[in-house]
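Each remark here refers to the structure printed beneath this line.
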Amino acid sequence: MTTPEPGFYPDQVGIDAYGNSGFRFADMSHRGSLLCLPSGMQGWAVATPADITMQSMAPVFAVADQIDVLLVGLGHDVVGFPADIRAALRERNIIVEAIGTGGAVRTYNVLLGEQRAVAAALIAVERAR
């Protein structure tokens with residue numbers, strides 16, 4: 001059996017809570033931003049929307065064929081999502097919804113509960129709203 005890499009949970013699960021600069025899921029706490037992918041949950045080295053690049057989105061592109069909807073939680077201040085990344089995801093038939101982290105978490109949980117092919121890229125926030 002392969003040991004998961006640090007910061008990796010080998011299943012896609014719902015998020016129980018967010019805030020305090022992290023997320024709670026699967027009876028665990030994760031500090032920092034988070035990718036919720038069909039391949040599992042993993043830490044994401046993004047702290048602000050400006051940190052979102054093609055390179056930081058590479059794990060999403062690696063499993064793009066398993067995703068229909070990508071929710072991007074941009075923190076509290078909703079800003080523009082990079083057009084080049086949105087276009088690259090659209091080319092892979094992925095619908096992108098870039099909104100506040102709270103809304104992204106709630107929508108992710110609903111779509112995951114409906115067994116939709118959903119993923120999320122969530123920037124951690126200090127305070128839940």
Side-chain angles (χ1 to χ4, degrees):
M1 179 175 194
T2 305
T3 303
E5 62 188 81
F8 179 77
Y9 182 76
D11 196 12
Q12 186 176 25
V13 297
I15 296 172
D16 301 317
Y18 73 98
N20 296 323
S21 300
F23 301 88
R24 289 196 52 77
F25 58 90
D27 295 325
M28 298 184 301
S29 179
H30 169 80
R31 288 285 247 187
S33 297
L34 183 68
L35 288 176
C36 309
L37 303 172
S39 56
M41 314 285 274
Q42 65 187 60
W44 190 35
V46 167
T48 70
D51 297 333
I52 300 173
T53 63
M54 292 296 277
Q55 182 177 350
S56 70
M57 295 295 286
V60 175
F61 288 112
V63 295
D65 61 332
Q66 300 171 49
I67 301 170
D68 290 336
V69 177
L70 173 67
L71 298 158
V72 182
L74 296 170
H76 291 307
D77 300 321
V78 178
V79 297
F81 187 74
D84 60 331
I85 298 172
R86 185 180 294 274
L89 291 164
R90 189 176 306 122
E91 287 173 11
R92 291 161 176 83
N93 297 315
I94 296 175
I95 298 166
V96 178
E97 186 69 31
I99 57 178
T101 295
V105 167
R106 290 185 289 277
T107 304
Y108 166 78
N109 283 338
V110 168
L111 295 178
L112 187 66
E114 293 175 352
Q115 298 181 338
R116 302 271 305 274
V118 64
L122 306 168
I123 294 176
V125 295
E126 181 58 36
R127 298 179 61 168
R129 289 188 181 171

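Owing to the predicted nature of the structure, the values given are computational and were not obtained by experimental measurement. Position 1 is the first residue of the sequence, and the numbers go up from there.
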Can you sort out the partners of Gln115 under side-chain hydrogen bond (donor to acceptor under 3.5 Å, both in side chains), two or more places apart, ordered by chain and number? none
State, to 0.1 Å, how close Val125 and Gly75 come at their nearest heavy-atom pair, and which atoms those are. CG1-CA, 3.5 Å
Considering all heavy atoms of both residues, which atom of Asp11 and which atom of Met41 are nearest to each other, and what is their separation? O-CG, 3.2 Å
Let me check something: do Ile123 and Leu71 share a hydrophobic cluster, defined by ILVMFWY side-chain heavy atoms less than 4.5 Å apart, either directly or through other members? no
First locate atom CG of Leu35, then atom CZ of Phe8, and finally report the distance between them rounded to the nearest 0.5 Å. 10.5 Å
Closest heavy-atom pair, Ala124 versus Ser33, reported as atoms and distance to 0.1 Å, is N-OG, 3.0 Å
Verify same cluster id: Leu74, Leu70 (apolar side-chain graph, 4.5 Å): yes
In a table with atom names and distances, give each donor-acceptor pair under 3.5 Å that connects a side chain of residues 55-67 to protein atoms at least two apart or in another chain.
residue	atom	partner	partner atom	Å
Ser56	OG	Asp51	O	3.3
Ser56	OG	Thr53	N	2.8
Ser56	OG	Thr53	O	3.1

Got a list of side-chain donor-acceptor pairs under 3.5 Å for residues 14-26, not counting sequence neighbours?
residue	atom	partner	partner atom	Å
Tyr18	OH	Arg129	N	3.2
Tyr18	OH	Arg129	O	3.1
Ser21	OG	Glu126	OE1	2.7

Tell me whether Leu111 is reachable from Val13 by hopping between hydrophobic residues (I, L, V, M, F, W, Y) whose side-chain heavy atoms are closer than 4.5 Å. yes
How close do Cys36 and Leu34 get, heavy atom to heavy atom, and via which atoms? SG-CD2, 3.8 Å
Please list, one pair per line, the donor and acceptor atoms closer than 3.5 Å that link side chains of residues 83-96 to other protein atoms, with sequence neighbours excluded.
residue	atom	partner	partner atom	Å
Arg86	NH1	Val96	O	3.4
Arg92	NH1	Ala88	O	2.8

Can you name the closest pair of heavy atoms from Ala119 and Leu37 and give their distance? CB-CD2, 4.0 Å
Sequence neighbours excluded, the answer for side-chain contact (heavy atoms from CB on, under 4.5 Å) partners of Asp27 is none
Output all residues satisfying side-chain contact (heavy atoms from CB on, under 4.5 Å) with Leu112, sequence neighbours left out; order by chain, then residue number. Gln12, Tyr108, Val118
Given 3.5 Å as the limit, does a donor-acceptor pair link the side chain of Thr101 with the main chain of Leu122, or not? no
Qualifying salt bridge (Lys or Arg N to Asp or Glu O under 4.0 Å) pairs, either residue in residues 93-119, two or more places apart: Glu114-Arg116
